[in-house]
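The structure appears right after this line, and notes come after that.
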Amino acid sequence: MNISFLLNYSSLLFSISLLGMLSNRKSFLLFLLCLEILLLSLILRYTFVGLVKNDFLGEFTAFILLLLAAAESAVALSLLLNHQRKLGSTAIVYFNLIKG
């Protein structure tokens, strides 16, 4: 596989996820899914560039981003569960009602 194809694939994933994040106004779960795909595209880009340049720093940065994505998912899903229990809905519109 050509590296330009892989980088274009990563850019396409990034664009689709960014478009999904900007166009989604209803579901918080879909927003989280788009955010995870965005982070995945960044991880793929760092990995591909690291493999081409034979540099370990690219893969190490990808690993750190993967840890960040896992922590972000845990926090966001706990917020989503809290919101669902209090208000009975996962709509983004009602997230300003969460207090303490």
Side-chain angles (χ1 to χ4, degrees):
M1 251 187 226
N2 195 0
I3 188 65
S4 65
F5 171 75
L6 295 173
L7 290 176
N8 287 336
Y9 178 70
S10 174
S11 298
L12 180 68
L13 273 178
F14 185 84
S15 301
I16 289 172
S17 64
L18 193 61
L19 181 68
M21 285 174 63
L22 293 176
S23 66
N24 182 25
R25 293 287 182 205
K26 294 282 182 184
S27 176
F28 186 65
L29 199 57
L30 254 115
F31 181 81
L32 288 178
L33 184 66
C34 289
L35 185 63
E36 290 298 321
I37 293 173
L38 185 126
L39 287 172
L40 173 71
S41 69
L42 291 176
I43 290 169
L44 285 174
R45 182 167 287 260
Y46 275 118
T47 305
F48 295 152
V49 171
L51 287 175
V52 166
K53 294 189 176 195
N54 287 331
D55 187 17
F56 181 70
L57 190 60
E59 285 113 16
F60 182 72
T61 308
F63 181 70
I64 296 297
L65 278 175
L66 192 61
L67 290 176
L68 179 73
E72 175 263 332
S73 292
V75 170
L77 288 176
S78 67
L79 281 173
L80 182 69
L81 185 62
N82 184 25
H83 186 57
Q84 174 69 29
R85 284 183 180 166
K86 282 189 175 185
L87 299 176
S89 174
T90 60
I92 295 177
V93 181
Y94 302 117
F95 263 82
N96 62 347
L97 299 175
I98 295 180
K99 292 188 173 67

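Being a predicted model, the structure only gives us computed values, none of them experimental. Excluded from the calculations below are hydrogen atoms, water molecules and symmetry mates; all remaining heavy atoms, backbone and side chain alike, are included.
Rounding to the nearest 0.5 angstrom, the gap separating the CG atom in L32 from the CD1 atom in I37 is 11.5 Å. Note that CG of L65 is 10.5 Å distant from CZ of F60, once rounded to the nearest 0.5 Å. Rounded to the nearest 0.5 Å, atoms CG (N2) and CG (N8) are 9.0 Å apart. Taking CD from E72 and CG from L77, the interatomic distance works out to 8.0 Å, rounded to the nearest 0.5 Å.
Side-chain contact between L81 and R85 is present, with at least one heavy-atom pair separated by less than 4.5 Å.
When every heavy atom of C34 is checked against every heavy atom of M21, the shortest pair comes out as CB-CG, 3.4 Å. S10 and S41 make their closest contact through OG-O, 2.7 Å (heavy atoms, listed as atom of the first residue, atom of the second, distance).
In the hydrophobic cluster analysis, where Ile, Leu, Val, Met, Phe, Trp and Tyr join through side-chain heavy atoms closer than 4.5 angstrom, F31 is grouped together with L29. Grouping the Ile, Leu, Val, Met, Phe, Trp and Tyr side chains by contacts below 4.5 angstrom, directly or via other members, places L38 with L68. The cluster map of Ile, Leu, Val, Met, Phe, Trp and Tyr, joined by side-chain heavy atoms under 4.5 Å apart, puts L18 and L30 in different clusters. Residues L19 and L12 do not share a hydrophobic cluster, clusters being chains of Ile/Leu/Val/Met/Phe/Trp/Tyr side chains in contact below 4.5 Å. Cluster membership check: I64 shares its hydrophobic cluster with F56, using side-chain heavy-atom separations under 4.5 Å among Ile, Leu, Val, Met, Phe, Trp and Tyr.
N82 places no side-chain N or O within donor-acceptor distance of the main-chain N or O of S78, the cut-off being under 3.5 Å.
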When the side chains of residues 43-50 are checked against the rest of the protein, which donor-acceptor pairs come out under 3.5 Å, sequence neighbours left out?
from, atom 1, to, atom 2, distance (Å)
R45, NH2, L7, O, 3.0
R45, NH2, S11, OG, 2.4
T47, OG1, I43, O, 2.8

